[in-house]
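Reading through the structure tokens given below for one structure.
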Amino acid sequence: MTYQNYSLKQLQQIDAAHHLHPFTDHKELRETGSRIITHANGPFIYDADGTEILDGMAGLWCVNVGYGRDELAEAAYAQMKELPYYNSFFKCSTPTPVLLSKKLAELAPKHVSQVFYGSSGSEANDTALRLVRHYWALEGRPEKNRVISRKSAYHGSTIAGTSLGGMEPMHKQLGGAVPNIVHVMMPYAYELALPGESDHDFGIRAAKAVEDAILEAGADKVAAFIGEPVMGAGGVKIPPMSYWPEVERICRKYDVLLMLDEVITGYGRTGEWFAAQTFGIEPDTITTAKALTSGYQPLSALLVGDRVAKTLVDKGGEFYHGYTYSGHPVACAVALKNLEIIEREGLVERVKNDTGPYFAQALQEHLAGHRLVGEVRSIGLMGAIEIVKDKATKERYLPSGSAAVIVRDHAVAQGMMLRATGDTMILSPPLIWTRDTIDMACERIAKALDLADTDLQKR
Ligand SMILES: Cc1ncc(COP(=O)(O)O)c(C=O)c1O
């Protein structure tokens, strides 16, 4: 029996009775009911009422080639018929992860040529943490195991992912984080730059926080620094261009590995295949997932740089780590086809040369001047809109985050899906968006801002 046999109301009731959603207040959800998305095509998603919504979040930062790609469904079907599953433990492999590894080695920065698979970004970050600690142990320095991260970072929701991340509410529910992970300031100029401080200087100061943490622990105790090139879930916080090269310089100076979490930015979002290329750095590990399959299958790939891989291979000994679905043949078949589509349609170049710059200009022209908007910013097809009560003082509406939720709800009612994170609206659309789609999005967001403004004036 398919879902068409159920009314929207019935689906919502069953959902409320049995389904525990991620990152959800379940009491509240039971009262409001969930929005049930039933199908999608191109840049649009449709709910069970048939309402068409422009998807400004590419699902959850992942559906980069857009919805309704028959080729991806066909790749999965063909692989399922031929070999739905076999493991890559015990000296076995299957063809699609082999070929995908070759492809990823070609696309990745040139010092990166090895891949470890999982099913999610969280798993890949668990792998990354295990791997960098294992690396130092193999190098005879097991005490070099501390990892430096940032406040408000998001690295996933497993215990290791949460521990690596810097989300306070998540830490409060953790009941004890993985030890030896510390968090330093984030490169968020809008709130943290000092009066009169240039973007460049702020970037250098934020990087200095990494150096301070290394010196405080002692470089001989620090394994690695981990960061999202652009903090995504934390509010599309785009660092000044001075930040990453300085962080890299500091890591090299103290012989600390550099781990880049590109779960959101990987595969084109910033206008290069990887944001490492956008920011001109050479990380030792690159965590990727999401857009690797455009979300059509769960798959993550930890890309491992030559330095770490060489030690792992040369020193030998079993690395006691892996997942049943590491290198899942169907997920890898879909990834191969997805990368082929991205290349064939020139989506990365399009973001870099056309839609990315147009997106930045459109946010600036249509939204930056609005009374509720403190700042707009973007890189490639990833953007943020800061919601404020007072543009000049950057004062926010209270309670914190409430105004952004009002904007979000109006936006969805206008047929525009975007996300509210704290007081920031975030956008991360499919890379197939055209200039016309960007115009449509800005129009709908502007309308939502006007309606929210009216509501907020009444408070
Ligand atoms: C930067 C980053 N790392 C890791 C993750 C975790 O990925 P997953 O939800 O697939 O476990 C996410 C998810 O949004 C992310 O944005």
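Computed over heavy atoms, backbone and side chain alike; hydrogens, waters and symmetry mates excluded. Read the numbers this way: they start at 1 and go in the same order the structure lists the ligands and their atoms. Nothing fancy with the numbering, it's 1 onward along the sequence.
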[atom] [closest protein heavy-atom partner, distance rounded to 0.1 Å]:
{"atom": "atom 9 (O) of ligand 1", "result": "S122 OG, 4.3 Å"}
{"atom": "atom 16 (O) of ligand 1", "result": "I264 CD1, 3.2 Å"}
{"atom": "atom 7 (O) of ligand 1", "result": "G121 CA, 3.3 Å"}
{"atom": "atom 3 (N) of ligand 1", "result": "D261 OD2, 2.7 Å"}

Whether K394 engages the ring of Y190 as a cation-pi pair (distance to the six-membered ring centre under 6.0 angstrom, angle to the ring normal within 45°) should be assessed.
yes
Any nitrogen or oxygen of W61, main chain or side chain, under 3.5 Å from a nitrogen or oxygen of ligand 1?
no
Using a plain distance cutoff, I'd like to know if K290 has any nitrogen or oxygen under 3.5 Å from a nitrogen or oxygen of ligand 1.
yes
Pairwise distance NE2(H155) to CG(N125) - rounded to 0.5 angstrom
6.5 Å
Can you tell me how far the CG atom of L336 sits from the NZ atom of K102, to the nearest 0.5 Å?
10.0 Å
Any donor-acceptor pair under 3.5 Å linking the side chain of W136 with the backbone of A223?
yes
I'd like to know if E228 and K237 make a salt bridge, using a cut-off of under 4.0 Å between side-chain N and carboxylate O.
no
Charged N to carboxylate O below 4.0 Å: is that the case for E191 and R396?
yes
Counting heavy atoms only, which part of N125 comes closer than 4.0 Å to ligand 1: side chain, backbone, both or neither?
side chain
Numbered atoms and elements of ligand 1 in range of H155, under 4.0 angstrom, heavy atoms:
3 (N), 4 (C)
Numbered atoms and elements of ligand 1 in range of E228, under 4.0 angstrom, heavy atoms:
1 (C)
